[in-house]
Amino acid sequence: ESARKKDVRTSNIEAAKAVADAVRTSLGPRGMDKMVAAANGEVIITNDGATILQKMTVTQPAAKMLVELSKSQDVVAGDGTTSVVVICGALLKKCQELLEKGVHPTIISDAFFKASHKACEILESIAIPVNLEDREALLRAATTSLSSKVVSQYSSLLSPMAVDAVLKVMDPARPNLLDLRDIKVVSKVGGTIDDSEMVDGMVFDQKAAKSAGGPTRMEDAKIALIQFQISPPKTDIENNVIVSDYNQMDRVYKEERNYILSVVKKVKASGCNVLLIQKSILRDAVTDLALHYLAKAKIMVVRDIERDEIELISKTLGCLPIAHVDNMKPEKLGSAALVEEVEVGKGRVVKITGIANKGRTATVLLRGSNKLVLEEADRSLHDALCVIRCLVNKRFLIAGGSSPEVQVSMQLGHWSKTLQGMESVCVRAFAEALEVVPYTLAENAGLNPINIVTELRRMHASGEKYSGINVKKGTITNMLEENVVQPLLVTTSALTLATECVRMILKIDDIVPVR
């Protein structure tokens, strides 16, 4: 009986370790990228731990927990998704050693919990407070986050974009309620990443509908965001009307025309000259006839606006979505200096600039030479945005380059000597496990990991608490001077989440299949 429980635990730990090893090589600025090939032939190239694990088909239940772990790190901090899995794997390895020595799982679990609390206290003690006015500090954090990505050579362009976007969206009165959904990222293939820009205004991925010769450029625009359809009404149930003679048929057509004309007239009467039409499921949002009349009325039309963009658009343009044509009132319209269709690479986008009373949103137009680079740039930008969001929520920076992990490991080692019995051993194991971060960083950079880690320990013991691995030079330097910094929240949440995950896996002693 006890043998089986031991087996389940071992197999769980083994499976979780295998997952952790899979992403281990992608940690740090010299980390490798993974090419994820889906069954349907889709290919994704990424360095983001959460993305890799999400796309991996993991069947073992304990290994699935690691996937969830990196997801939750993605939600809490946004960055450090690889580190959290690597730390978790290392902790599990230590657990296995302790279990083989016959330590009871609950004891390990409780000791780890205490250790992770202590670790967070240590991190807070070495953190440096940061002021949001200090743009340089924010930039350094964003650049560090981008350094491990494919697009790292463009970080001088992407970091300021991320910082400005977040500062634009941030409400100084309530800085904690920062919603990244207010930052719209439009990616267009064509050009290089250098061509990416932050748009002061708004960009739609749709073309302007000009099949009927409608205008594609409108100065001094009054913009209406409508959720109703400009097309002949349909009944709720399927029905057929049989028209027997021609006069009646003409009458049907006439009615349809009059109906559309009356709608267009109402739209025109409100003074609107740019229409954004929401995608409709039930029937065509706009028919060709309607487009023809709108073109005659000199109204620019952008159709097929996605449902989930409605909120963002109304926030940016300061207009209200209009659900029925009778509600077209001038006060519900947004106004902008210029709405025009611009060519971007192969496609076209509609750009709105000079928006009057613009809401707190930001739009970034990303360009890239191919789809893979674009998607990766998008993910990297998201990571950078998250890092700045962390700083806004918890205004502390710590050094990067694995220096905090070594520091915590060292201080926990000292602390474990003050504890009694089994706890002391478990805490020391926790401290040793944290050294996997510098070890992996050194290994991925092609340095000698053992030399580097011992040297790091020596430096930290002699009181240099900011020294970390400088991957570019292959030596150990002071990380603050090298401008390698990361938000406190990323590391603390990584430690607490990893510990929680380990404790859960430890507590499982049996898997019960249910059909």
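Below, each value reflects all heavy atoms present in this structure, side chains not excepted, and no hydrogens, waters or symmetry copies. Quick caveat: nothing in here was measured; it's all calculated off a predicted structure.
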Check: What do the steps show when you test Val186 against Val364 for side-chain contact (heavy atoms from CB on, under 4.5 Å), and what is the final call?
Finding: CA-CA 6 Å; Val186 179; Val364 173; over 6 Å; no

Check: Going by an N to O cut-off under 4.0 Å, is there a salt bridge joining Lys351 and Glu340?
Finding: no

Next item on the list: Identify whether the distance between the nearest side-chain nitrogen and carboxylate oxygen of Glu341 and Arg217 falls below 4.0 Å.
Entry: no

Checklist line | Glu309/Lys184 salt bridge by N-O under 4.0 Å criterion | finding: yes

Next item on the list: Can you establish whether the number of heavy atoms outside Met198 located under 6.0 Å from its atom CE is more than 12?
Entry: yes

Margin query: Do the side chains of Asp164 and Arg135 get close enough for a salt bridge, i.e. N-O under 4.0 angstrom?
Written below: yes

Notebook entry, point to check: Counting distance only, does the side-chain N/O of Thr363 pair as donor-acceptor with the main-chain N or O of Gly201 below 3.5 Å?
Noted result: yes

Next item on the list: Determine, step by step, whether Ser493 and Gln73 satisfy the side-chain hydrogen bond (donor to acceptor under 3.5 Å, both in side chains) criterion, reporting the C-alpha distance in whole Å, the side-chain angles of both residues, the deciding distance to 0.1 Å, and the verdict.
Entry: CA-CA 7 Å; Ser493 88; Gln73 172 76 0; 2.7 Å; yes

Notebook entry, point to check: In terms of side-chain geometry, is the basic nitrogen of Glu500 or Arg503 positioned less than 4.0 Å from the acidic oxygen of its partner?
Noted result: no

Next item on the list: Could you check Phe228 against Ile322 for side-chain contact (heavy atoms from CB on, under 4.5 Å), going step by step and ending with a plain yes or no?
Entry: CA-CA 7 Å; Phe228 56 85; Ile322 303 164; 4.0 Å; yes

Check: Taking all atoms of both residues into account, what is the closest heavy-atom pair of Ser270 and Met328, and its distance?
Finding: OG-CE, 3.3 Å

Note to self: side-chain contact (heavy atoms from CB on, under 4.5 Å) for Ile310 and Gln227? Distances and angles first, verdict last.
What the structure shows: CA-CA 9 Å; Ile310 294 286; Gln227 293 182 302; 3.9 Å; yes

Check: Do the non-hydrogen side-chain atoms of Asp200 and Thr353 ever get within less than 4.5 Å of each other?
Finding: no

Notebook entry, point to check: Does Ser156 offer a backbone N or O that forms a donor-acceptor pair with the side chain of Ser159 under 3.5 Å?
Noted result: no

Notebook entry, point to check: Considering only heavy atoms from C-beta outward, does the side chain of Arg379 approach that of Asn47 to under 4.5 Å?
Noted result: no

Margin query: Please tell me whether Asp304 and Gln278 have a donor and an acceptor in their side chains that are separated by less than 3.5 angstrom.
Written below: no

Margin query: Do Ile305 and Lys279 make a side-chain contact, defined as non-hydrogen atoms from C-beta onward lying under 4.5 Å apart?
Written below: no

Notebook entry, point to check: If we only count heavy atoms from C-beta on, is the Ile45 to Glu376 side-chain gap below 4.5 Å?
Noted result: no

Checklist line | Donor-acceptor pair between Glu375 and Ser187 side chains, under 3.5 angstrom | finding: no

Checklist line | Residues, nucleotides or ligands: over 12 heavy atoms within 6.0 Å of Glu311 CD | finding: no

Next item on the list: Determine, stepwise, if the pair Gln486 / Ser145 fulfils side-chain hydrogen bond (donor to acceptor under 3.5 Å, both in side chains).
Entry: CA-CA 7 Å; Gln486 57 193 32; Ser145 156; over 6 Å; no

Check: How far does CG of Leu66 sit from CD1 of Ile505, to the nearest 0.5 angstrom?
Finding: 5.0 Å

Next item on the list: Supply the atom-to-atom distance Leu365 CG to Glu197 CD, rounded to the nearest 0.5 angstrom.
Entry: 5.5 Å

Check: Take atom NZ in Lys298; do more than 12 heavy atoms of anything else shown fall under 6.0 Å from it?
Finding: no

Margin query: Closer than 3.5 angstrom, by distance alone: can the side chain of Ser155 be matched with the main-chain N or O of Thr143 as a donor-acceptor pair?
Written below: no

Checklist line | Shortest non-hydrogen separation from Pro487 to Leu397 and the atoms involved | finding: N-CD2, 4.1 Å

Margin query: side-chain contact (heavy atoms from CB on, under 4.5 Å), that's the test. Do Val349 and Lys188 meet it? Break it down for me.
Written below: CA-CA 9 Å; Val349 294; Lys188 272 288 185 201; 3.3 Å; yes

Margin query: If the condition is side-chain contact (heavy atoms from CB on, under 4.5 Å), which residues does Glu482 pass it with, not counting sequence neighbours?
Written below: Asn470, Lys473, Thr477, Val484

Next item on the list: Look only at the side chain of Asn370 and the backbone of Val373, and say whether a donor-acceptor pair between them is shorter than 3.5 Å.
Entry: yes

Check: For Arg257, does the CZ atom sit with more than 12 other heavy atoms under 6.0 Å from it, leaving out its own atoms?
Finding: no

Check: Mind checking whether Tyr259 and Lys254 have side chains closer than 4.5 Å, heavy atoms only?
Finding: no

Notebook entry, point to check: Do Leu261 and Tyr293 come within less than 4.5 Å of each other through their side chains, counting heavy atoms only?
Noted result: yes

Margin query: With heavy-atom distances below 4.5 Å as the criterion, would you say the side chains of Met479 and Val485 are in contact?
Written below: no

Next item on the list: Report the distance from atom CD1 of Ile277 to atom CG of Leu225, rounding to the nearest 0.5 Å.
Entry: 10.0 Å

Margin query: Can you tell me how far apart CG (Leu489) and SG (Cys386) are? Round to the nearest 0.5 Å.
Written below: 10.5 Å

Notebook entry, point to check: What heavy-atom pair brings Ile193 and Ala377 nearest, and what distance separates the two atoms?
Noted result: CD1-CB, 4.4 Å

Item checked: Nearest heavy atoms of Gly89 and Ala20, plus distance in Å -> CA-CB, 3.7 Å

Notebook entry, point to check: Distance-only, no hydrogens or angles: does the Arg395 side chain make a donor-acceptor pair with backbone N or O of Pro129 under 3.5 Å?
Noted result: no

Notebook entry, point to check: Do Leu146 and Asp383 have side chains that get closer than 4.5 Å, going by heavy atoms?
Noted result: no

Next item on the list: Would you mind telling me which of Ile352, Leu317, Val339, Val301 makes a side-chain contact (heavy atoms from CB on, under 4.5 Å) with Val274?
Entry: Val339

Check: Of the options Lys168, Arg360, Lys315, which is the one that meets Asp182 in a side chain to side chain donor-acceptor pair (under 3.5 Å)?
Finding: Lys315

Next item on the list: With rounding to the nearest 0.5 Å, note down the distance linking CD1 in Ile223 to CG in Leu275.
Entry: 10.5 Å

Item checked: Value rounded to 0.5 Å, distance of CD in Glu255 from CG in Asp250 -> 12.0 Å

Note to self: Looking at Lys332, I'd like to know if its NZ atom is crowded, meaning that more than 12 non-hydrogen atoms belonging to other residues, nucleotides or ligands lie closer than 6.0 Å.
What the structure shows: yes

Check: Do Lys266 and Asp326 sit within salt-bridge range, that is, some charged N less than 4.0 Å from a carboxylate O?
Finding: yes

Checklist line | Minimal non-hydrogen separation, Gly49 against Thr81, with atom names | finding: N-OG1, 3.3 Å

Next item on the list: Go through the steps for Lys34 and Thr25 under the test side-chain hydrogen bond (donor to acceptor under 3.5 Å, both in side chains), then give the verdict.
Entry: CA-CA 9 Å; Lys34 303 275 178 258; Thr25 50; 2.6 Å; yes

Check: Taking all non-hydrogen atoms of both residues, which atom of Asn273 and which atom of Asp220 are closest, and how far apart?
Finding: ND2-O, 3.6 Å

